[in-house]
Amino acid sequence: MKRINIILAVFTIFTFLSCEEDFLEIPPEDSLSQTIFFQKQGDFEQAINATYAPLRDLYNIGGNNQGAWGMGELPSDNTYYRYNPSYRAVQAGESIADFYVNDGNATIENKYTINYLIIARANQILDLIDDVEFEDDSMRDNIKGQAYFLRALSYFDLVQYFGSVPLHLVPATSRNDAALPLSTSEEILAQILNDANDAVSFLPTKSNQEAGRATRGSAQMLLANVNLVQENWSGAESVLSDLLTSGEYDLLGNYANVFDLNNKNSVESIFEVQFLEGTDGFASSFMYSWLPMPLTAEQVATISGVTNSQASNNQGFNIPTPDVIESYEDNDLRKTVSIDSIDLDGRYYPYINKFWQPHSNPGLTGANWPVYRFSEALLFYAEAINEQGRPGDAEPYLNQVRNRAGLAPLNGLSQENMRQAIMNERRVELAFENKRWPDLVRTGMAQSVMSDFGTRVKANPQDYYFPDGFAPPAAAFGTIYEVFPLPASEALLNPNF
Amino acid sequence: MRTKKTLMLPFLLLLFFCIITTQAQQNITISGTITDAESGEPLPGVTVIVQGTTNGTSADFDGNYSISTSSNATLVFSYVGYGTQNISINGRTQINVNLSVDSQQLDEVVIVGYGTQTSRKVTGSVQQIDSEELADIPVPQVTQKLQGRLVGVQINQTTGKPGEGMQVRVRGQASILAGSDPLYVVDGFPIVGDISTINPDEIESISVLKDAASTSLYGSRAANGVVLITTKSGKSGQAGLSFSYYAGIQAVPQKGRPDMMNGTEFAQFRKESFEDLGQPVPEPFQNPEQYGEGYNWYDAMLRNAPMQSYNLNWNSSTEKSSVAIVAGFFNQEGVMINSDFKRYSLRANSNFKLSDNLNLGISVAPSYSIDNIPSSDGAFYATNVDAAIPGGLITNALQTWPILPFKNNDGTYPLSAWIPGISAFPTPNWVYAAQEITNETKETRVLGNLFIEYQPIDGLRLKSTLNGDMGNTSFFNFSPSNVSTTFAALPPTIATSIRRESKYVSWLNENTVNYSKSFGDHSIAVLGGISFQKFNADNSQIYLSNFPDDRIRTIQSALNIDRTRSFNNINEWSLTSFFSRLNYDYKGKYLFSASLRRDGSSRFGSNNRWGNFPSASVGWVFSDESFLEDSKFMSFGKIRASYGIIGNNNIGNYTQYALVDNSLNAVFGNSIASGAAITTFGNSNLGWERTKQMDIGLDLRLFNDRVEFIYDYYKKNTTDLLFNVSVPQESGFEDFNDNVGELEFWGHEFALISRNVANDNFTWTSNFNIAFNRNKVVSLAEGVDRIFSGGAYGSITRPGEPLGQFWGLIHDGVYDNQQEFDSSPKAVESEVGTIKFVDTNGDGVITNGTENDDRTVIGNPFPDYIFGLTNDFRYKNWDASIVISGSIGNDIAVTNDQGTTNLDGPFNVLREIEDRWRSPENPGSGRYGKTTSATFMERDWFSSRFIEDGSYLTVKNITLGYSLPLNKKSFLKAARLYGSVQQAFVFTGYRGANPEISTTTQGEQATALALGFDWGAYPVPRTFTFGFNLTF
């Protein structure tokens, strides 16, 4: 019986050892799970940081699946592409520039999904932040303000490019609440105004905020932009007046300095997307997609200033058009800062120059993306005043911008002439900052301007960088649309579309 | 937890009960000689088993056996080809037996889940292959030996990479996300991963369990089928040493190598493209003749390569113990340059009889393998995402311009192969790259097993086992600065290196009670058990770059560590199970079996932690009925039927949790701030996939056992499929993991074994099997009417259709002339001379990539049927075998054509592109359009032009052997010499080399929803082998 007892003991020991309560409870060890997150102030600090993170992709994505520039600048008359007959995997980008885009386009999908990623992360924070004890209640307000701002900024991006979209204000918790019906653009804009106003009240001023984060000024600028889109000129005037008199902002002395890496988040900056040079995954590279490719390694090095540059046989996008070059007045100091050109086998190709700043590794730059700058605040203000029938009052603000560019002041313009002057000033001052296309749309000029542009491109394809014997497809510039189709990938999944 | 305890109570009570009622039994040793009833010659190797137990032995060379058991037990004597005899001991110590060739030979012992059964009593669908049947084939992978032999099991060698496992699918089982590989059980231990590291020489037998009745004891892991591997153990009477060796030479056959343009042809093709464009022809293409044949880059990547295998077997057995040791060394150079594989393996299985009723077994099997294989497989732009290693070397070399050299006349290697300003992409020298990079995996694995078995009374056995599986894989990749392995990136590059360490431990404790008893005509066998298994894996990777000197490759010498590609992750799961089975038969002709397993797993959501997996089966040996007993025609006949529910628990270890990603960092000014957000939905209801399977089978032996016929029909319904149901990204999430949908599988399996000739000097046996496997999607998730897989060159899965159908446009030639162009539907970019497609939606225009475009089902990757045919011959001392396997009716999408038919000219192309459209007067074959515009439609729009019939018949192996006539008493007891050809002939209309191919763009094994794509892979060589086996 002794042996039997030993065997019995072995059996039962194994049995009971393994029967501990937690044998079948194995939560992940290498990542947090929801059950233990959003419990303390530090969690929300991390959560708001994660809400900013997608902005890098939104503005930086390059190649043929493009970031914000693919919809903010490329459809406009400011830029085009350099057709490369030996690199043809570029239909997505060309179809945007040539107005035959379809809903399967990756650039459109990027814009849509990345904005909703920001919205979802902001919603997670706003849903739970008031239930948690904070060590520092001013930090709670600060985080809420940033979340409201980022949510408003993303919805504004969506409503400008797509019109009606679904309105998510609380986090989705399962499959059932993932798809919502479309809200009208009026409903979306109303929510943006609410959020932007909340952001203005919760956010600290720039001097009291960590550099690079949203500030009260950022929220005011967004609010002004929404008011201008809604043609609420007095509303825009009032909020901009607060911003202009806050003492937090001014123009830098020299246009080129605005893009200098030493002046990131400068006194002129109202909100910019933050990048960091290096291999850690925070660098920007958007300007590499704008090289007038194909280029040899030496040619790339000439432009990028990086000695170990790689040859690039892709197709260059966002190539400045003859039209935008023409729109600079003589002696405008900004022209050579913004645009340069390179001699390729006896032919000069222009390229966007102002974002090229020194960096050491190819494709890994530290350049930030300017979303809102003080010069735009001045031009917004001038526009808001002019539209209320006071062109004379608008003059000093317009001329402040012109003055820095080395241009003579404009005086005594009619309201209509002032309107045109402001628009052209916006075109050159904010060139290649994703302002041109939304400006054309909100001022109702998109149809006529882009039809004319299309006619010019088709008449003289070689002026628009087509090699001899090549031209845009017949379908190009057929219908000029003002909003983009909702992505097919989403339409498949949302029964409400 | 309450459930668990109450459930366990009966088991414990049963244990107590069994032990308390123990009565000491008198054990005696019985011995004797077994002879052939006809000739009187001793019969070596006859199996002797104590009825109702696994206690057994086998007769030695002289037919002598010896076994200890209780004095009133019954001994079962069985031998292949001979009738089994059951003899009651009745206190005797000497029992001599005469066995005669008889119809009762079906009573071979078959390994089934948690035990053995005589084959006549098996009511499930089980196929067993013994090592003798496989010994002939000199290949490094067990699965290679099984190709063509298993009915209803499709085994595909998707790549020729040395040491790589194969794709095994039992009865066409597939899952959307939860994997389709069968469960491998080695000596009772369900291991993690596959059996590619196991030396085939260690294996005694392989049983494949196919239906629910035979697999349901493996519960939540059984749905993909179960493969039971039994390793060699010491056999009494066969003590001795044996040694086997083979050496082979592998070569890639000329047939199946892609038919690419040579130097002159390529330059001519490019010259014509410029002429057609009306542009000046660049200097390099002006005189095509200057290049002659040019450079064959594909051939330059390949070589003829040797391989050797050494195996040493030691076997000893005494009254008290038995030991079997297998030591092996396998060394293979690959047919692609700079690739090789080595495996060192050892297995020691020992068994100790501590007393008459107490057995102890210990086995340990360490193995160590090293391979160095450049990332050969996948599309030209392949990169392994995790590791960021560029792949597709084979495809890249294939596409390189043949007018450019891979080797200079002075024997040095150029660093690149492109013409700046003329080539579209900077192209590194792939041949040089393949030689210079290191891509090495070192894998150590130790399988261990310890068991103690106690037999308190006759028929009752208590067994407790402790199993361990430990592995450590070190991966090292170094890409020096003087080469580039990246598409469109030229050397010099920044040297990069990846080091990855993966460790895992899996342990299992299993405790079983077996009781078997006969009462007159009734016999029962009962099994009960409890098991606990836990798995823990820890993987780390560090990605380094910028090495000052390519010769110093240490971590500390790298200037950069790329944090985004460096990681550490931990994976754990646990499983608690209760299981039981009852077997009952009446007179051995009415058979019944039922089993139940209950699994609790850490992977299942907290609301759904336990699953039940029952099964039942019946059998009727109708040939034992009086009306057939004397049949001359039929010697054996049995009808089987089974039904059961089994599961697939490969749903991911943490899928049920809403995970927080804490690497979502942000930049503010010049500093990085850590960020975190919830990035997945949680689902506490998440559970296993459930498969209900029904099987009806018929086993027949006819004409005095000359012909054996087996038929099975099965039908399976898999529900609760793990699926990451896509949700609109407006929610901030991409998908929701849920158990949804239903798949249906059904099929017919036939096996025919015919002993065509069987006499003293000459035997010829044929074994033919054929299986018709079908699948159909019944439903997907609510609101999901289709799943796209595989990207732009993709497959579609829709209810009412089979899984993963190729989804693209129908190629309809080329718009030959203006008239045809004007009268046909066209795409926005179409022109005269561009590719033409069928307007399937009838809207008058050709569209691709939108929701209601012209794409349709253009092919099916699943075969109509698969088959195998084995013929074994023996003439005096000569033996020969030929193994054939085949597949009929499956399509292959040759997506590698994306590069090799690119009309823009960035790559070398297929020779047939010479015959393309150039003008209405010169329209070519109609397969390829003009080079001058809208070429992207031809290349980037997936169409039926990419689809080919993948049917094949492959002569997998031919072996011819000769056994030296030796006296069994001499020092050298047996010796056999043989020669063999593996992958001897591939008969196929498919133009590629390997019709078994199926890869992803990344060169990885394809998922069930995107099968049948040929993105380029390491070729499968033909191997000529010579070897010998010596027994001392």
Side-chain angles (χ1 to χ4, degrees), chain A residues 4 7-8 10-11 14-15 18 21 23-24 26-34 37 46-47 49-50 52-53 86-88 91 102-104 113 116-117 120-121 124 166 168 172 174-175 178-179 210-213 265 274-276 279-282 296 310-311 313 469 473 475 488 490 493-494, chain B residues 1 15 19 22 277-278 420 424-426 454 464 489 509 511 530 532 560 562-564 569-570 572-574 576 600 602 609 654 657-660 662 664-669 673-678 681-682 725-733 736 828-829 849-851 904 906 935-936 940:
Chain A
I4 293 166
I7 293 161
L8 182 61
V10 170
F11 273 110
F14 274 129
T15 309
S18 311
E21 288 281 323
F23 188 73
L24 295 178
I26 307 184
E29 277 181 49
D30 50 10
S31 62
L32 297 165
S33 51
Q34 184 171 16
F37 197 64
Q46 290 195 62
N49 294 343
Y52 283 89
S86 28
Y87 190 92
R88 296 280 69 229
Q91 270 63 41
N102 70 40
D103 59 4
T113 56
Y116 274 112
L117 197 56
R121 290 182 188 170
Q124 285 175 14
H168 284 264
S174 82
R175 215 190 140 200
E210 185 184 358
R213 291 184 188 272
N265 305 315
Q274 311 284 305
F275 294 92
L276 193 63
T279 55
D280 290 338
F282 304 107
T296 64
Q310 293 275 345
N313 288 270
E490 295 284 297
L493 299 169
N494 189 329
Chain B
M1 290 311 291
L15 283 174
I19 288 156
T22 299
L277 260 181
F425 301 105
Y454 180 57
S464 185
N509 164 240
N511 310 292
I530 312 172
F532 307 95
N560 285 337
D562 185 340
R563 290 191 70 243
T564 59
N569 60 46
I570 296 164
E572 285 185 292
W573 55 261
S574 58
T576 300
S602 65
R609 188 134 279 171
Y654 307 113
Y657 293 99
L659 297 178
V660 173
N662 64 348
L664 306 169
N665 301 336
V667 176
F668 297 106
S674 69
I678 296 168
F681 283 118
V725 184
S726 290
V727 297
Q729 291 188 45
E730 60 180 83
S731 61
F733 299 100
F736 180 74
V828 172
E829 300 88 346
T850 55
E851 198 182 345
D904 292 344
T935 53
F936 73 92
D940 299 338

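All values below come from the heavy atoms of this structure, side chains included, with hydrogens, waters and symmetry mates left out.
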* Asked: Side chain, backbone, both or neither: which part of B:E572 has a heavy atom under 4.5 Å from chain A?
  ->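 Contact with chain A is through both the backbone and side chain of B:E572.
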* Asked: Is the backbone N or O of B:G600 less than 3.5 Å from a side-chain atom of B:T576, with the two atoms forming a donor-acceptor pair by type?
  ->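 Side chain of B:T576 to backbone of B:G600: no pair is present.
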Who among [options] has the most heavy-atom pairs with chain A under 4.5 Å?
{"options": "B:V828, B:N560, B:T935, B:V727", "result": "B:V727"}
{"options": "B:F425, B:W573, B:Y654", "result": "B:Y654"}
{"options": "B:A677, B:S674, B:P420, B:G849", "result": "B:S674"}
{"options": "B:L277, B:I570, B:D562", "result": "B:I570"}
{"options": "B:S602, B:A666, B:G732", "result": "B:S602"}

Which atoms of [X] come close to chain B, meaning under 4.5 Å heavy atom to heavy atom: side chain ones, backbone ones, both, or neither?
{"X": "A:T296", "answer": "neither"}
{"X": "A:N265", "answer": "side chain"}
{"X": "A:A488", "answer": "neither"}
{"X": "A:N102", "answer": "side chain"}

* **Partners meeting salt bridge (charged side-chain N to carboxylate O under 4.0 Å, His left out) with A:R213 (sequence neighbours left out)** =>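 For A:R213, the residues satisfying salt bridge (charged side-chain N to carboxylate O under 4.0 Å, His left out) (neighbours in sequence not counted) are A:E210.
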* Who passes ring pair (Phe, Tyr, Trp, His ring centres under 6.0 Å) against B:F681, sequence neighbours left out? ->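 With sequence neighbours excluded, B:F681 shows a ring pair (Phe, Tyr, Trp, His ring centres under 6.0 Å) to B:F733, B:F736, given in chain and number order.
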